[in-house]
Amino acid sequence: MNYEELLAFAGRNPMLSAALVGLTVALIVTETRRLFRGYKGIKPAELTHLMNAGGAVVVDLSPSADFEKGHIAGSRSAQASAFNAEHKLVANAKQSPVVLVCRSGNASETAARTLKKAGFEKVFVLEGGIPAWQQAELPLVKGRN
């Protein structure tokens, strides 16, 4: 296939061509943002390794009722709306790994950006949140910690 054939195809199929260009741009933008976001997404197995190595601060940003239904052992509950870099759970953990967990990943990513802007060095987000943890068949603890 040469350049003239590609142009002819694009001329005959403008909607397909526009969709291809749009998807390509969206993919490039998404991957570029992921590379430069400043924090790292980790999988459940990586989180267990961090916790076993010691020193990791795991903060669950799920609503209190969801936290009590099931959370990762050793994690501490914090309300996403009240969470910031001065929160008592992370105030003294600028050099320690801080792992943020929630149900969907949205609250964790917002909090991770806040911590990175405040100078935290090792900020992680559990990719997929609690559902990914459950899918990996890892245990949850019920009740308050």
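Numbers here simply count residues along the sequence, with the first being 1.
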From Glu68 CD over to Lys142 NZ, what is the distance, rounded to the nearest 0.5 angstrom? 11.5 Å
Verify same cluster id: Trp133, Val99 (apolar side-chain graph, 4.5 Å): yes
Decide yes or no on side chain to side chain contact (heavy atoms under 4.5 Å, CB included) for Arg33 and Val29, but give the supporting numbers first. CA-CA 6 Å; Arg33 281 186 181 169; Val29 167; 4.1 Å; yes
Grab the two heavy atoms, one from Gly70 and one from Arg103, that are nearest each other, plus how far apart they are. O-NH2, 2.9 Å
Rounded to the nearest 0.5 Å, how far does CG of Asn84 lie from OG1 of Thr114? 8.0 Å
Can you list the residues that meet the side chain to side chain donor-acceptor pair (under 3.5 Å) rule with Glu31, with sequence neighbours excluded? Arg34
In this structure, would Leu61 and Ile72 fall into the same cluster of hydrophobic residues linked by side-chain contacts under 4.5 Å? no
What closest approach, in Å, do Ser62 and Ser77 show between heavy atoms, and which atom pair accounts for it? O-OG, 4.4 Å
Tell me every residue that passes side-chain contact (heavy atoms from CB on, under 4.5 Å) with Gln134, counting only those two or more places apart in sequence or in another chain. Ile130, Leu140
When hydrophobic residues are tied together by side-chain contacts of less than 4.5 Å, even through go-betweens, does Val125 share a cluster with Val57? yes
Evaluate His71 against Val141 for side chain to side chain contact (heavy atoms under 4.5 Å, CB included), listing each step before the verdict. CA-CA 5 Å; His71 58 274; Val141 178; 4.0 Å; yes
Side chain to side chain donor-acceptor pair (under 3.5 Å) involving Lys43 - partner list, sequence neighbours excluded: Glu127
Determine, using the 4.5 Å side-chain heavy-atom cutoff (strictly less than), whether Phe67 and Leu89 are members of one ILVMFWY cluster. no
Taking only residues two or more places apart in sequence, or in another chain, which ones meet Glu5 in a side-chain contact (heavy atoms from CB on, under 4.5 Å)? Met1, Asn2
If I compare all heavy atoms of Ala107 with all of Ala80, which pair ends up nearest, and what's the gap? CB-CB, 3.9 Å
Residue list, side-chain contact (heavy atoms from CB on, under 4.5 Å) with Lys116, at least two apart or on another chain: Tyr39, Val123
How far apart are the closest heavy atoms of Thr48 and Ala45, and which atoms are they? OG1-O, 2.6 Å
Does Cys102 offer a backbone N or O that forms a donor-acceptor pair with the side chain of Ser108 under 3.5 Å? yes
So which pairs with a foot in residues 86-115 pass ring-ring contact (aromatic ring centres under 6.0 Å, His included), sequence neighbours left out? Phe83-His87
Please name all residues satisfying ring-ring contact (aromatic ring centres under 6.0 Å, His included) with Phe124, sequence neighbours left out, ordered by chain then number. none
Sorted by chain and number, sequence neighbours left out, side chain to side chain donor-acceptor pair (under 3.5 Å) with Glu109 holds for none
Would you find a donor on one side and an acceptor on the other, under 3.5 Å apart, between the side chain of Thr30 and the backbone of Leu27? no
Glu121: partners by salt bridge (charged side-chain N to carboxylate O under 4.0 Å, His left out), with sequence neighbours left out: none
Kindly give the cluster partners of Leu7, where membership spreads through any ILVMFWY side chain lying under 4.5 Å from a current member. Tyr3
Taking Val58 as the starting point, is it possible to reach Val98 by hopping between hydrophobic residues whose side chains are less than 4.5 Å apart? no
Tightest non-hydrogen contact, residues Val90 and Ala85, listed as CG2-O, 3.9 Å
Identify, with sequence neighbours excluded, every residue that meets side-chain contact (heavy atoms from CB on, under 4.5 Å) alongside Thr24. Leu20, Ile28
Which atom of Ala112 lies closest to which atom of Leu100, heavy atoms considered: N-CD1, 3.4 Å
The side chain to side chain donor-acceptor pair (under 3.5 Å) partners of Gln79 (sequence neighbours excluded) come to Ser64
